[in-house]
Amino acid sequence: DRTPLIAGNWKMNMDHTQGIALLQKLAWTLKDAKHDFSRVEVAVFPPFTDLRSVQSVVEGDGLQVRYGAQDLSDQDSGAYTGDVSGQFLAKLGCTYALVGHSERRAIHEESDETCRDKVRAAIRHGLTPVLCVGEGLEERQAGNHVSYTLEQLRGSLAELSEGELEGLVVAYEPVWAIGTGEVAGPEDAQEMCHAIRDELTSLHSKGFSDATRILYGGSVKSSNVAAILSGADVDGALVGGASLDAEEFAKIARFE
Ligand code: 13P
């Protein structure tokens, strides 16, 4: 069975001192609530510059919160000014790396092919990729949201074998629902997560798709998370804004 994952994407918020405070408050709040990490996994995605501090807090305080990077280079080392290698992220204790967040795709023009290379780089360094896909308002209004999103999925996973992709996490994040307060209805989230799972079955196998966690992201809050996660194919949430408030994020992690 798939362990639900509640993941907080801090985006470009929280410098390393603020990040330490947020993580410590989150850890205390989860502890107070007797959070069972074996039942619901919790992860945070801080900016690169916070990761060393996050590692120190997690290791120093023996936290069960996992963490990952918001992006990584498709290269391992060399003349790539400003890029960050998966090798360095693995050494900082990252479990995950986001790949192809819609803000990367839009602002940095990352293509499906780039995402595929980044998924491959993550795997090469023992990081679990969290591949983000999702349509914009235009595709949604035209009714092409399923085909658009599945095409992103296929393009970003092309040429990767089932064995290489073991542990993969997919995040369905409709662009029109990100940071807008506009949340996809539980049926919309379920429809797309189900379509993604079916596509993973055709690409690989039923065993693979059954084991792959598919998250929903886009204006998730404690007030709407239970409805969204009630979909049989929705295995967790990728939370932006609401993950910056420790109490709210801890509430999201108790989504029942
Ligand atoms: P919001 O939760 O702020 O809408 O952001 C969603 C997101 O992009 C998470 O990666």
Side-chain angles (χ1 to χ4, degrees), residues 1-5 7 41 43 68 71-72 74 86 95-102 104-106 110-178 184-218 220 228-238:
D1 259 17
R2 301 182 294 266
T3 305
L5 170 60
E41 189 185 340
D71 181 38
L72 81 166
D74 59 354
T95 300
Y96 297 106
L98 295 184
V99 173
H101 189 280
S102 62
R104 303 290 317 171
R105 291 181 187 262
E110 290 188 6
S111 64
D112 291 341
E113 198 183 12
T114 302
C115 293
R116 196 257 332 260
D117 291 342
K118 290 185 173 192
V119 166
R120 185 174 277 155
I123 295 164
R124 207 159 52 233
H125 299 297
L127 302 165
T128 296
V130 179
L131 173 69
C132 305
V133 293
E135 83 285 356
L137 188 58
E138 206 176 305
E139 295 84 21
R140 169 63 59 169
Q141 284 173 340
N144 298 331
H145 48 286
V146 175
S147 59
Y148 179 90
T149 300
L150 295 185
E151 173 147 356
Q152 276 186 331
L153 183 79
R154 282 190 299 271
S156 308
L157 297 179
E159 293 161 39
L160 289 156
S161 71
E162 173 172 340
E164 288 174 298
L165 291 173
E166 195 188 333
L168 172 76
V169 178
V170 178
Y172 167 57
E173 298 208 308
V175 178
W176 50 271
I178 295 179
E187 309 75 29
D188 298 328
Q190 167 58 21
E191 177 199 31
M192 191 66 84
C193 292
H194 184 73
I196 289 170
R197 198 174 308 285
D198 273 355
E199 189 66 24
L200 294 174
T201 305
S202 353
L203 285 173
H204 296 293
S205 69
K206 178 91 169 55
F208 173 74
S209 78
D210 278 348
T212 301
R213 289 182 293 180
I214 306 175
L215 316 182
Y216 167 81
V220 173
I228 292 169
L229 294 203
S230 66
D233 289 292
V234 188
D235 303 317
L238 183 54

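Given the structure is predicted, the values throughout are model-derived calculations rather than measurements.
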Exercise. Given side chains that start at C-beta, do those of M192 and T149 come closer than 4.5 Å, heavy atoms only?
Worked result: yes
Exercise. Can you name the closest pair of heavy atoms from S156 and C115 and give their distance?
Worked result: OG-CB, 3.8 Å
Seminar exercise, completed: CD of Q141 to CH2 of W176, rounded to nearest 0.5 Å, is 10.0 Å
Seminar exercise, completed: One should read off an interatomic distance between D198 CG and C193 SG, to the nearest 0.5 angstrom, of 11.5 Å
Exercise. Does the pair L153 and I196 meet the rule for a side-chain contact (heavy atoms from CB on, under 4.5 Å), with working shown?
Worked result: CA-CA 8 Å; L153 183 79; I196 289 170; 4.0 Å; yes
Problem set entry | Contact check, side chains of V133 and V170, non-hydrogen atoms, under 4.5 Å | yes
Problem set entry | Which residues share a salt bridge (Lys or Arg N to Asp or Glu O under 4.0 Å) with E159, sequence neighbours left out | R116
Exercise. Listed by chain and number, what are the side chain to side chain contact (heavy atoms under 4.5 Å, CB included) partners of D188, not counting sequence neighbours?
Worked result: R140, A184
For this session: State the CG-CG distance between L157 and L200, to the nearest 0.5 angstrom.
Result: 7.0 Å
Exercise. Does any pair with a residue in residues 189-215 pass ring-ring contact (aromatic ring centres under 6.0 Å, His included), and if so which ones, sequence neighbours excluded?
Worked result: H204-F208
Problem set entry | Distance (rounded to the nearest 0.5 Å) between L238 CG and L5 CG | 8.5 Å
Exercise. Run the side-chain contact (heavy atoms from CB on, under 4.5 Å) check on V130 and V99 step by step: do they pass?
Worked result: CA-CA 6 Å; V130 179; V99 173; over 6 Å; no
For this session: Using the test side chain to side chain contact (heavy atoms under 4.5 Å, CB included), find all partners of E166 that sit at least two apart in sequence or belong to another chain.
Result: none
Exercise. Is the backbone of A232 close enough, under 3.5 Å, to the side chain of Q190 for a donor and an acceptor to pair up by distance?
Worked result: yes
For this session: Return the set of residues passing salt bridge (Lys or Arg N to Asp or Glu O under 4.0 Å) with D71 (not counting sequence neighbours), or none when no residue passes.
Result: R104, K118
For this session: Applying side chain to side chain contact (heavy atoms under 4.5 Å, CB included), name anything that partners S147, two or more places apart in sequence or on another chain.
Result: N144
Seminar exercise, completed: By side-chain hydrogen bond (donor to acceptor under 3.5 Å, both in side chains), D210 pairs with (sequence neighbours left out) K206
Problem set entry | Note, T128 side chain near L168 side chain (heavy atom, < 4.5 Å) | no
Exercise. Any side-chain heavy atom of L131 sitting closer than 4.5 Å to one from L98?
Worked result: no
Exercise. Can you find a side-chain donor-acceptor pair between E164 and S161 that sits under 3.5 Å?
Worked result: yes
Seminar exercise, completed: Closest non-hydrogen contact found for A195 with L150 is O-CD2, 3.7 Å
Problem set entry | Counterpart residues, salt bridge (Lys or Arg N to Asp or Glu O under 4.0 Å), relative to E139 (two or more places apart) | none
Problem set entry | side chain to side chain contact (heavy atoms under 4.5 Å, CB included) partners for E151, two or more places apart | R154
Exercise. side-chain hydrogen bond (donor to acceptor under 3.5 Å, both in side chains) with T201: which residues, sequence neighbours excluded?
Worked result: S209
For this session: Any chance you could lay out the side-chain contact (heavy atoms from CB on, under 4.5 Å) test for V175 and L137, step after step, and finish with the verdict?
Result: CA-CA 7 Å; V175 178; L137 188 58; over 6 Å; no
Problem set entry | Any donor-acceptor N or O pair under 3.5 Å, side chains E135, Y172 | yes
Exercise. Looking at residues at least two apart in the chain, or sitting in another chain, which of them share a side-chain hydrogen bond (donor to acceptor under 3.5 Å, both in side chains) with R213?
Worked result: E41, Y96
Exercise. How far does CD of E173 sit from CZ of R105, to the nearest 0.5 angstrom?
Worked result: 10.5 Å
Problem set entry | Side-chain touch H101/E110, heavy atoms, less than 4.5 angstrom | no
Seminar exercise, completed: Closest non-hydrogen contact found for Y216 with A189 is CD1-CB, 3.9 Å
Problem set entry | With sequence neighbours excluded, residues passing salt bridge (Lys or Arg N to Asp or Glu O under 4.0 Å) with R197 | D233, D235
Exercise. How far does CD1 of I178 sit from SG of C132, to the nearest 0.5 angstrom?
Worked result: 8.0 Å
Exercise. Are T212 and V169 close enough that some pair of their side-chain heavy atoms sits under 4.5 Å apart?
Worked result: no
